Amino acid sequence: MAKTLDGAQLSELLKEMARSDSVELKLTVPDSDIRSAVSSLDLDPLEAKIRQITFYDTPDLDLNAAGVVVRSRGIQGGAGDTAVKLRPLPLGLAKGKGLKEMGIEVDAMPGGFVCSGTIKNVTTAAAVRKVVLGKAKIGSIFSKRQKAFFGDHAPDGLTLKDLSVLGPITILKLKFSPKALKTPMVAELWMYPNGSRILELSTKATPAGALQVAAETRVFLAERGVDLTAAQQTKTKTALNYFASQLRTPAEEAAPAAETTVTESIDSQEAAEESAGE
């Protein structure tokens with residue numbers, strides 16, 4: 001069951017929101033409840049757009065352990081983008097000093113939250129596909145600023161050339177605007193190669209209006225029978241674990257699990273059972 005934030009956590013959340021550009025409120029729906037949620041929210045899957053997200057890390061997920069996420073995204077229609085994300089974002093790291101392009105966002109979900117800093121770059125779906133197919137180098141779709149940001153926070157000695165392609169994973173994204181809410185919402189269905197699925201419902205708000213939007217959204221979802229107490233799932237970590245396991249040998253897979261990593265501790269907040277990627 002998802003936990004609610006205690007007083008200390010709420011105080012920390014307010015501090016994080018004060019330095020952020022935006023707040024994204026998230027809730028994941030268990031696979032067993034996806035069909036009923038789609039029906040109660042009156043979502044039409046035919047209106048969804050297809051996206052493919054690919055992550056880049058080592059087979060041992062060394063970037064993930066350091067709190068660094070590198071990903072690309074191909075979007076139906078030909079658009080694409082890339083992102084290098086640092087999560088959690090250290091309190092001393094802010095905009096300015098060469099980081100004007102960095103977007104700071106707080107991801108909040110039942111029982112947890114995390115502040116991240118992200119530098120994005122625009123590319124094309126075709127360029128991303130070339131990298132995924134091994135026809136172009138990973139670094140070809142990332143900007144100089146992204147590469148510098150990566151170099152500043154990746155483990156010593158690890159470069160983009162050392163990373164493996166993890167993915168892609170296919171996602172259906174649907175934007176909808178409930179009449180009962182002032183803010184639009186987004187439904188993302190992540191479909192993993194092993195047949196499992198994660199449905200995430202989200203909405204964005206300004207730091208000043210986030211608590212009000214959260215309260216209104218919570219009431220809206222509860223009235224439509226969406227379980228607000230279900231254990232939260234981690235989309236990115238689930239994808240990383242799956243694709244990384246495909247790269248490791250059976251002997252490596254049988255090895256004892258490593259100690260809890262930085263990002264896993266973040267996931268414990270982000271997922272409320274334990275974190276959220278882009």
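We count residues from 1, following the sequence as given. Values in this document were obtained by computation on a predicted structure and should not be read as measured data.
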Worked check of salt bridge (Lys or Arg N to Asp or Glu O under 4.0 Å) between R197 and D31: CA-CA 6 Å; R197 303 175 301 169; D31 198 337; 2.7 Å; yes
With rounding to the nearest 0.5 Å, note down the distance linking [atom1] in [X] to [atom2] in [Y].
X    : Y    : atom1 : atom2 : value
N121 : T82  : CG    : OG1   : 4.0 Å
L13  : F113 : CG    : CZ    : 5.0 Å
L14  : L211 : CG    : CG    : 6.0 Å
D33  : S39  : CG    : OG    : 12.5 Å

Where [X] and [Y] come nearest, the two heavy atoms and their spacing:
X    : Y    : answer
A83  : K120 : CB-CG, 4.2 Å
L43  : P45  : O-CD, 3.4 Å
T183 : P178 : O-CD, 4.3 Å
K26  : S202 : CG-CB, 4.1 Å
P90  : R19  : O-NH1, 2.9 Å
P30  : A230 : CG-CB, 3.6 Å

Judged by atom type as modelled, is there a donor-acceptor pair below 3.5 Å linking the side chain of [X] to the main-chain atoms of [Y]?
X    : Y    : answer
Q246 : F243 : no
D57  : L63  : yes
T123 : I141 : no
K147 : G139 : yes
T238 : T234 : yes
S11  : A8   : no
T217 : A214 : no

Going hydrophobic residue to hydrophobic residue with side-chain gaps under 4.5 angstrom, can you get from [X] over to [Y]?
X    : Y    : value
V106 : L10  : yes
F176 : I75  : no
V186 : L201 : no
M191 : L199 : yes
L174 : I34  : yes

Any chance [atom1] of [X] has more than 12 other-residue heavy atoms, nucleotides or ligands included, within less than 6.0 Å?
X    : atom1 : value
N194 : CG    : yes
R224 : CZ    : yes
K173 : NZ    : yes

Residue pair E200 / T28, side-chain donor-acceptor N/O under 3.5 Å: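 Checked: E200/T28 side chains show no N/O donor-acceptor pair below 3.5 Å.
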Worked check of side chain to side chain donor-acceptor pair (under 3.5 Å) between T159 and D162: CA-CA 5 Å; T159 70; D162 302 316; 3.1 Å; yes
Side chain to side chain donor-acceptor pair (under 3.5 Å) against D152, all qualifying residues, sequence neighbours excluded: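 Expected list: none.
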Residue list, side chain to side chain donor-acceptor pair (under 3.5 Å) with S72, at least two apart or on another chain: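 Counting only residues at least two positions away or on another chain, S72 forms a side chain to side chain donor-acceptor pair (under 3.5 Å) with Y56.
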E16 and L91: CA distance, side-chain angles, deciding distance, side-chain contact (heavy atoms from CB on, under 4.5 Å) verdict: CA-CA 8 Å; E16 294 287 18; L91 287 173; 4.1 Å; yes
Worked verdict on E47 versus K175 for salt bridge (Lys or Arg N to Asp or Glu O under 4.0 Å): CA-CA 9 Å; E47 295 180 353; K175 295 181 179 180; over 6 Å; no
Trace of the side-chain contact (heavy atoms from CB on, under 4.5 Å) decision for I104 with L89: CA-CA 8 Å; I104 300 179; L89 184 68; 3.9 Å; yes
Electrostatic pair D81:R73 at N-O distance under 4.0 angstrom: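 Looking at D81 and R73, the cut-off is met.
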Residues K204, E105: salt bridge by 4.0 Å N-O rule: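 Looking at K204 and E105, the cut-off is met.
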Parallel, tilted or perpendicular, as decided by the 30° and 60° cut-offs, for the rings of Y192 and W190: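 Aromatic pair W190/Y192 classed tilted.
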Side chain to side chain donor-acceptor pair (under 3.5 Å) evaluation trace for T229 with D227: CA-CA 6 Å; T229 66; D227 187 359; 2.7 Å; yes
Check against side-chain contact (heavy atoms from CB on, under 4.5 Å), N64 and D62: CA-CA 5 Å; N64 177 68; D62 294 305; over 6 Å; no
Stepwise side-chain contact (heavy atoms from CB on, under 4.5 Å) check, E216 with L181: CA-CA 7 Å; E216 293 173 352; L181 291 177; 4.1 Å; yes
